[in-house]
2 protein chains.
Amino acid sequence: MTPARRRPAAVRAHTGRRAGDSGTRAAILESARQQFSEHGYDAATIRAIAAGAGVDPALVHHFYGTKESLFAAAMQLPFIPSEVITAALAEGARPPGVGIGEHMVSSALAIWESPAVRDAFRGLLRSAVTSEQAAAMLREFITEAILTPLARLADEAGADDATFRASMIGSQMLGLALTRYVLQFGPVATASRPELSAAIGPTLDRYLTGDLRAAGKQP
Amino acid sequence: MTPARRRPAAVRAHTGRRAGDSGTRAAILESARQQFSEHGYDAATIRAIAAGAGVDPALVHHFYGTKESLFAAAMQLPFIPSEVITAALAEGARPPGVGIGEHMVSSALAIWESPAVRDAFRGLLRSAVTSEQAAAMLREFITEAILTPLARLADEAGADDATFRASMIGSQMLGLALTRYVLQFGPVATASRPELSAAIGPTLDRYLTGDLRAAGKQP
């Protein structure tokens, strides 16, 4: 079924223009950026984004699926974070003998190799550092799309404090992205994926399920 | 000895104004910001900064000491990073039973509690995300003032890859600052110093002297 056939006739009538054209998509993305940055990720609604673009909410769902996918498209993220994370964490996704933390780092680095992803990260970070509102938007998005699946994983593994554990993983991974791609610290920028995965993987394993209260002990 | 007495007469003659006045200090800091951002931290010289402010290099040294102190003043950092790090790492600085990683996290968090420090961090990060040049400046400064003392510590402890280890510590600590103060992830923003020190301390201990090639093993 092509997108054109699935589009409801009522939508076309309502908008008064060919719903499939790139102008409509652009209007939706523009409205989405505005709604997300004004109201944050959590409070922005598909309904308000559709209204801002002068289209029916069904068309927004039709073109972009979930709110997360719409956010990813609006922010020019070339992938859907929760899908990538869920795939990376899926049973059987890991090569034998590879720890879950190591696999997470390796998967993330594979995605980050794309210049489009780095540009998107840099753009989001730039907004977040410049405006409290943009920081809130990014926080809400990361919490929903990235930390929540990680917390579920910690929870399923029987660990307490699942949201704290997920945010610890976030702190290390965002720090890795910042130092490798933005600040470009020599040894972090030039290290290979296997080197970084081996170095950081056990950190994530410990954050996910290890003892985080054992102060003063070296692992 | 007061600053006024130590000031060379030649300097006063050269600048034609009272060297101790706040206008001169402001001119030096302004020139420093310009030189650092144009040429980076490594390539900027006290000589060029002095020339830009129309004063003698001796006066810049007199007011601000080292290039690092001058950078800290120009960027409104309310402390000298390498001094703080050296003090935190000094023999006897750690309470008994507290690991070195835990002590590092705790010391850093104590400094970061100051709103002035957070503002400075945010300002530096904002420039770094906006311009490659500013990113290079921040990278060079962090490398010189923060990573070098950490690498020395790893080296003294007999660890190989000392600069890689130092930059791994940098990745976690910058990620912590980013998620606690800029993005303000709920559980990281609200966690206490002891909680974060206990959670992250062992990560730093491992980055400093642990086995970073043991992929796939949980510590």
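The structure displayed is predicted, hence computed values, not measured ones. So that the names make sense, note that chain A is the first sequence line, chain B the second, and so on, each numbered from 1.
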With only heavy atoms counted, which part of B:I142 is less than 4.5 Å from chain A, the side chain, the backbone, both or neither?
side chain

Contact origin within B:L178 toward chain A - heavy atom pairs under 4.5 Å
side chain

Do B:T163 and A:F185 pass the side chain to side chain contact (heavy atoms under 4.5 Å, CB included) test, and can you show the C-alpha distance, the side-chain angles, and the key distance before you say yes or no?
CA-CA 10 Å; B:T163 61; A:F185 284 175; over 6 Å; no

For A:L196 and B:M168, what are the C-alpha separation, side-chain angles and deciding distance, and is it a side chain to side chain contact (heavy atoms under 4.5 Å, CB included)?
CA-CA 9 Å; A:L196 290 172; B:M168 282 290 103; 3.5 Å; yes

Using non-hydrogen atoms only, which part of [X] is less than 4.5 Å away from chain B: side chain, backbone, both, or neither?
| X | answer |
| --- | --- |
| A:E132 | side chain |
| A:A191 | side chain |
| A:L183 | both |
| A:L147 | side chain |
| A:I100 | neither |

Side chain to side chain contact (heavy atoms under 4.5 Å, CB included) assessment of A:V129 paired with B:F121
CA-CA 10 Å; A:V129 177; B:F121 173 70; over 6 Å; no

Residue, of A:R126, A:E195, A:R94, that accumulates the most heavy atom pairs under 4.5 Å with chain B:
A:R126

Residue, of A:L174, A:L204, A:T190, that accumulates the most heavy atom pairs under 4.5 Å with chain B:
A:L174

When heavy-atom pairs shorter than 4.5 Å are enumerated against chain A, which of B:D161, B:T143, B:V188, B:L208 gives the highest number?
B:V188

Treating A:R206 as the side-chain partner and B:A199 as the backbone partner, does any N or O pair qualify as donor plus acceptor under 3.5 Å?
yes

Can a donor-acceptor pair be found, under 3.5 Å and without considering hydrogens, that links the side chain of B:R139 to the backbone of A:T179?
no

Is it the case that the side chains of B:Q172 and A:S171 hold a donor-acceptor pair, with the cut-off being a distance below 3.5 Å and no angle test?
yes

Rounded distance (nearest 0.5 Å) linking atom OG of A:S167 with atom CD of B:Q184
13.0 Å

Surrounding CD of B:E38 (heavy atoms of other residues, nucleotides or ligands, distance under 6.0 Å), is the total greater than 12?
yes

